[in-house]
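This report concerns only the one structure given below.
For this chain, numbers begin at 1 and follow the sequence in order. As a basis for the values below, the full set of heavy atoms in this structure was taken, side chains included, without hydrogen atoms, waters or symmetry mates.
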Amino acid sequence: QVQLVESGGGLVQAGASLRLSCACSGLVFSAYAMGWFRQAPGKEPEFVATINSWETTDYADSVKGRFTISRDTTRNTVYLQMNSLKPEDTAVYYCAAKLTTSSRVHSEYDYWGQGTQVTVSS
């Protein structure tokens, strides 16, 4: 059974940092590209970042330079380091796994975590 479990969300002030983690089990982690998406109330899911097996990364323009995605194959875990947080970053953040290649399209991902809430106050 595949499980993706996010952690690390919380309530912070603008300008602060958070580090999200997503621990994966039940899949061959090295064969999957991993992505982070977010969804604010009443909005569609939004691509945030992705990293493939070769650790090639891609970021949404809105987070480029502030967020960093990384993966640890020894822990089957993907991370999202979020710096200089803004109120518009407030959302539920989800990690997702996609076999082989990365994508910015959320419907192309095979497995999803349950999400972790990030709230940034002004």
Side-chain angles (χ1 to χ4, degrees):
Q1 181 182 359
V2 176
Q3 284 191 313
L4 280 62
V5 180
E6 300 99 334
S7 60
L11 170 63
V12 297
Q13 289 189 328
S17 298
L18 281 174
R19 187 195 196 202
L20 305 184
S21 300
C22 175
C24 305
S25 60
L27 52 72
V28 180
F29 185 70
S30 60
Y32 284 79
M34 301 300 299
W36 286 97
F37 293 79
R38 64 189 182 187
Q39 188 168 21
K43 294 189 175 181
E44 292 293 313
E46 177 188 14
F47 166 73
V48 176
T50 187
I51 184 169
N52 65 15
S53 300
W54 300 273
E55 301 197 1
T56 301
T57 58
D58 184 27
Y59 297 92
D61 288 344
S62 59
V63 307
K64 198 172 294 183
R66 299 188 297 122
F67 291 11
T68 303
I69 189 172
S70 61
R71 63 191 294 162
D72 184 342
T73 55
T74 65
R75 291 181 169 83
N76 285 5
T77 299
V78 61
Y79 303 98
L80 185 68
Q81 177 67 44
M82 305 186 295
N83 299 329
S84 303
L85 282 161
K86 304 175 181 179
E88 51 263 44
D89 294 319
T90 295
V92 177
Y93 283 70
Y94 298 90
C95 73
K98 179 183 181 294
L99 191 61
T100 61
T101 57
S102 298
S103 172
R104 291 186 168 207
V105 181
H106 65 87
S107 60
E108 294 184 0
Y109 281 73
D110 302 300
Y111 302 104
W112 290 83
Q114 82 289 348
T116 186
Q117 176 71 47
V118 172
T119 303
V120 184
S121 63
S122 57

- Query: Can you list the residues that meet the salt bridge (Lys or Arg N to Asp or Glu O under 4.0 Å) rule with Lys64, with sequence neighbours excluded?
  - Reply: Asp61
To the closest 0.5 Å, what do you measure between [atom1] ([X]) and [atom2] ([Y])?
X: Thr50; Y: Ile69; atom1: OG1; atom2: CD1; value: 5.5 Å
X: Leu99; Y: Ser53; atom1: CG; atom2: OG; value: 8.5 Å
X: Gln81; Y: Leu18; atom1: CD; atom2: CG; value: 8.5 Å

Identify the two heavy atoms, one from [X] and one from [Y], that lie closest to each other, and give their separation to 0.1 Å.
X: Ala91; Y: Gln117; answer: O-NE2, 3.4 Å
X: Asp89; Y: Arg66; answer: OD2-NH1, 2.8 Å
X: Leu4; Y: Ala97; answer: CD2-N, 3.9 Å
X: Ser122; Y: Ala14; answer: CA-CB, 4.4 Å
X: Asp58; Y: Phe47; answer: O-CZ, 3.6 Å
X: Ala33; Y: Tyr109; answer: O-CE2, 4.2 Å

When you compare the side chain of [Y] with that of [X], does any pair of heavy atoms fall below 4.5 Å?
X: Tyr59; Y: Thr68; value: yes
X: Val120; Y: Met82; value: no
X: Glu88; Y: Ser62; value: no
X: Leu85; Y: Phe67; value: yes

- Sole residue of Leu20, Val92, Leu80 in side-chain contact (heavy atoms from CB on, under 4.5 Å) with Thr116: Leu20
- side chain to side chain donor-acceptor pair (under 3.5 Å) partners of residues 15-35, not counting sequence neighbours, each pair once: Ser17-Asn83
What about [X] and [Y], same hydrophobic cluster or not, with Ile/Leu/Val/Met/Phe/Trp/Tyr joined at side-chain heavy-atom distances under 4.5 Å?
X: Leu27; Y: Ile51; value: yes
X: Tyr111; Y: Val78; value: yes
X: Val63; Y: Val118; value: yes

May I have the list of side-chain donor-acceptor pairs in residues 5-12 shorter than 3.5 Å, sequence neighbours left out?
residue	atom	partner	partner atom	Å
Glu6	OE1	Gln114	N	3.0
Glu6	OE1	Gln114	NE2	3.4
Glu6	OE1	Gly115	N	2.9
Glu6	OE2	Cys95	N	2.8
Glu6	OE2	Gly115	N	3.3

- Query: Angle class for the Phe37/His106 ring planes (parallel below 30°, perpendicular above 60°, tilted otherwise)?
  - Reply: perpendicular
- Message: So does Phe29 get a backbone contact from the side chain of Arg71, meaning a donor-acceptor N/O pair under 3.5 Å?
- Response: yes
